[in-house]
There are 2 protein chains.
Amino acid sequence: MVTRDEVARHAGVSVAVVSYVINNKPVVKEATRQKVLQAIRELGYSPNLTARSLKTRRMNQIGVLFNHIGNPFETGIALGLEQRARKDGQSLIFQTYDPSEEDHLKTLFSGRADAIILLGQQLKADTIDHFTKIGVNLFSVMMPQQPHARIPCADIDWFEAYRAMVDHLIRFGHTRIGFMGALNRESYLGIRFRHFRQALLSHGLEFRDERLMHGSFGTLEMAYEQMASRLSSGTDLPFTAIVCANDLMAIGVLSACRDNGVAVPEQLSIASSENILMSSHTSPPLTTIHYPRREIGFTTIEAVINHLNTGTPLTNYTLNHELFVRSSTGKVRD
Amino acid sequence: MVTRDEVARHAGVSVAVVSYVINNKPVVKEATRQKVLQAIRELGYSPNLTARSLKTRRMNQIGVLFNHIGNPFETGIALGLEQRARKDGQSLIFQTYDPSEEDHLKTLFSGRADAIILLGQQLKADTIDHFTKIGVNLFSVMMPQQPHARIPCADIDWFEAYRAMVDHLIRFGHTRIGFMGALNRESYLGIRFRHFRQALLSHGLEFRDERLMHGSFGTLEMAYEQMASRLSSGTDLPFTAIVCANDLMAIGVLSACRDNGVAVPEQLSIASSENILMSSHTSPPLTTIHYPRREIGFTTIEAVINHLNTGTPLTNYTLNHELFVRSSTGKVRD
DNA sequence: TTGTAAGCGTTATCAC
DNA sequence: GTGATAACGCTTACAA
């Protein structure tokens with residue numbers, strides 16, 4: 001491995017000068033600057049980032065906590081994060097969050113990351129304290145179930161989003177509207193149900209518990225099973241339209257309908273949330289709420305880096321959502 | 001930030017002892033060990049990984065080069081990589097590879113990563129030299145178009161996979177079989193066409209150039225457009241079945257067929273490669289080659305870590321594929 | 001069994 | 001403008 005010392009020797013200057021050149025300090029005389037650059041090129045030198053970090057206390061690495069890398073919604077956000085981070089020379093360390101191994105995080109990121117970006121996880125107070133103490137900043141994309149005072153978030157306004165959705169369904173004559181949620185405490189999906197219910201209420205509709213379906217962890221498979229077993233039980237559905245907390249579940253529900261001979265949207269309207277790519281390629285394509293994944297990724301990285309560089313405090317961000325009406329929702333059947 | 005020195009002072013021992021305890025050296029007397037652990041707990045200390053890396057020359061970080069994080073096939077591999085890496089305390093740094101910024105990689109990973117895992121990218125010889133020189137190991141998941149002697153790969157046997165696929169189609173009476181590929185040099189998709197063609201030949205079938213469709217970068221959208229414009233042109237398709245180099249393109253082709261009134265598989269059989277989740281939830285579900293993403297991720301990390309720890313040379317790995325027959329392929333129409 | 005101290009490759013503060 | 005040199009927090013001979 002070629003170090004800065006060798007470059008210095010090769011160029012016939014001191015190590016300090018090499019550092020000056022690398023870090024673009026304007027003090028260096030052009031001639032020596034060229035000598036050094038020449039030596040760097042000849043030796044194929046590139047500075048050891050670990051050593052640099054140790055000295056400067058800036059890691060230029062940001063941790064990102066996934067719930068499930070395989071979820072296209074989360075990777076959509078990751079895409080935005082990564083694109084923006086790269087522009088600033090920041091690397092992202094992706095980790096899957098496992099609630100049962102939360103302590104692991106502390107050791108994993110100590111002195112490795114300048115900040116950690118959460119995807120709606122509900123960290124323990126203890127963990128938050130630890131990172132606060134060692135100076136690792138926390139920021140969350142999507143609000144967790146119980147927002148923590150010290151962790152700012154970026155998210156859309158789910159209440160307004162679902163108000164628009166409910167409004168859309170009401171125009172089609174639906175009044176008995178169901179919801180498929182994922183209620184495990186840790187998930188960012190949990191909060192969506194709360195807002196959906198409020199949206200219903202604000203439209204003067206009630207929500208009956210029997211109309212709530214549990215998609216467990218928000219997976220396609222679970223949703224499929226829930227719906228399939230409900231349909232094959234023979235009893236009538238207690239709703240004429242169902243809104244799913246994410247697209248994957250809506251796709252599962254849709255598959256279950258197809259396999260059980262339920263016509264969508266003629267017999268059941270299905271709507272969902274997120275607008276992942278897949279949601280526009282089902283048949284019928286899904287009516288859904290567009291979540292600005294790329295933008296929220298950009299916003300997040302910008303806010304975090306800005307905070308890191310200038311100390312500007314991190315605050316909450318609310319991004320714009322949009323209702324995408326496609327053909328999985330239609331007039332209620334009389 | 002609490003350092004090892006403070007722990008030592010707090011516990012009334014020397015810094016070395018603290019290190020011994022942290023690194024589980026068996027030399028330490030149990031009593032002092034407890035004292036140290038106590039101090040660590042009280043102070044909420046965790047070792048600075050950057051400093052450790054500087055000293056040990058082990059980063060415990062592995063770079064992973066994506067082509068597109070949004071591609072569920074690639075994230076499926078990432079999932080396997082990540083799960084296995086975490087077990088060994090390795091973090092993954094995910095980066096999107098941009099051919100036009102390849103030099104960027106050198107600075108990005110210098111002294112940051114012990115190894116870099118490629119997803120079939122075709123690195124420049126210059127870049128490979130650089131990483132070889134600074135001791136960063138390279139390993140590729142999926143063979144690139146022109147395998148590099150110094151970069152071992154893990155992949156399935158595409159020739160055999162496509163032989164099985166062609167065999168399946170022949171049984172349905174197909175002889176005019178098309179292919180949709182993605183031919184940009186850099187992509188791991190490129191190699192699949194070569195193997196498909198050989199598979200056809202080995203079955204005594206010829207491949208005509210007119211039967212090759214270009215899905216460009218392997219995206220759903222491009223594939224859709226290609227197929228849609230072909231269908232709306234009014235001329236007959238030059239094949240009765242088409243195999244796509246990946247599922248996303250097959251889904252695009254399928255959508256185009258649906259939108260243009262082409263019945264699948266009655267009028268056209270569609271098959272694909274990879275078996276991402278989505279491929280089993282289209283209508284009809286896709287016949288496809290299962291690519292063992294999780295397993296290949298595991299294998300890769302194990303090989304790399306083993307190499308890092310013991311120096312065992314990295315070699316090529318061939319994993320098992322499987323043909324998943326679903327309903328997007330059927331008897332040829334007479 | 002524990003302590004001392006050299007050194008990992010940088011940056012940054014001084015002198016010169 | 002440039003050159004010594006002290007950190008940064010850790011591991012690990014080697015000494016005690």
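In what follows, chains carry the letters A, B, and so on, assigned in the order in which the sequence lines appear, proteins first and then strands, with residues in each chain numbered from 1.
- When the P atom of C:dT11 is taken as reference, atom CG of A:Leu49 falls 9 Å away, rounded to whole Å.
- Phosphate contact (OP1/OP2 of D:dC10, side-chain N/O of B:Ser19, threshold under 4.0 Å): absent.
- The phosphate of D:dT12 has OP1 or OP2 within less than 4.0 Å of a side-chain N or O from B:Lys25.
- The shortest side-chain heavy-atom distance between A:His130 and B:Ser46 falls under the 4.5 Å cut-off.
- Among the protein residues, B:Thr56 comes within range of the sugar-phosphate backbone only, with heavy atoms under 4.0 Å from sugar or phosphate atoms but none that close to a base.
- Heavy-atom distances to DNA chain C give each of B:Val13 and A:Val15 a nearest nucleotide, and the one nearer the 5′ end belongs to B:Val13.
- Checked for salt-bridge contact, B:Arg150 and B:Asp129 meet the test: a charged N lies under 4.0 Å from a carboxylate O.
- Listed by first and then second residue, the side chain to side chain donor-acceptor pair (under 3.5 Å) pairs involving residues 3-15 of chain A are A:His10-A:Glu42 (not counting sequence neighbours).
- Scanning all heavy atoms of the two residues, the minimum distance from B:Asn67 to B:Tyr188 falls at ND2-CE2, 3.2 Å.
- Of the candidate nucleotides C:dG9, D:dT2, D:dG9, D:dT2 has the atom nearest to the side chain of A:Lys29.
- Taking atom CE of residue A:Met59 and atom P of nucleotide D:dC10, one finds them 11 Å apart after rounding to whole Å.
- Neither OP1 nor OP2 of C:dT13 sits under 4.0 Å from any side-chain N or O of A:Tyr20.
- The interatomic distance linking A:Asp5 (CG) with C:dG7 (P) rounds to 13 Å, in whole Å.
- Minimum atom distance to the side chain of A:Met1 is reached by C:dG9, of the listed C:dG9, C:dA5, D:dC10.
- Which of C:dT10, D:dG9, C:dT2 sits closest to the side chain of B:Leu54 comes down to D:dG9.
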ask   = Given the rule in the side chain to side chain contact (heavy atoms under 4.5 Å, CB included) test, do B:Ile22 and B:Ile40 qualify, once you have shown the distances and angles that lead to the verdict?
value = CA-CA 9 Å; B:Ile22 289 168; B:Ile40 288 178; 4.2 Å; yes
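- Looking at heavy-atom distances under 4.0 Å, A:Ser53 makes no contact with the nucleic acid at all.
- Among the nucleotides D:dG9, C:dG9, C:dG3, the one closest to any side-chain atom of A:Thr3 is C:dG9.
- The distance between atom CD1 of A:Ile40 and atom P of C:dT10, rounded to the nearest whole Å, is 10 Å.
- Side-chain nitrogen and oxygen atoms of A:Arg4 include none within less than 4.0 Å of the OP1 or OP2 phosphate oxygen of C:dG9.
- If you take CD of B:Glu6 and C1' of D:dG9, they are 11 Å apart, rounded to a whole angstrom.
- Distance from the side chain of B:Ala16 is smallest for C:dG3 among the nucleotides D:dG3, C:dT2, C:dG3.
- Rounded to whole Å, the distance from CG on B:Asn24 to P on D:dC10 is 16 Å.
- Atom-to-atom, NZ of B:Lys55 to C1' of C:dA5 comes out at 10 Å; the value is rounded to the nearest Å.
- In this structure, B:Arg57 reaches the C:dG9 phosphate: one of its side-chain N or O atoms is under 4.0 Å from OP1 or OP2.
- To the nearest angstrom, P of C:dT10 lies 11 Å from CG of A:Asn23.
- Under the 4.5 Å side-chain criterion, counting only non-hydrogen atoms from C-beta, B:Thr300 is in contact with B:Leu81.
- If A:Glu30 and B:Arg52 are placed on DNA chain D by their nearest nucleotide, the residue sitting closer to the 5' end is A:Glu30.
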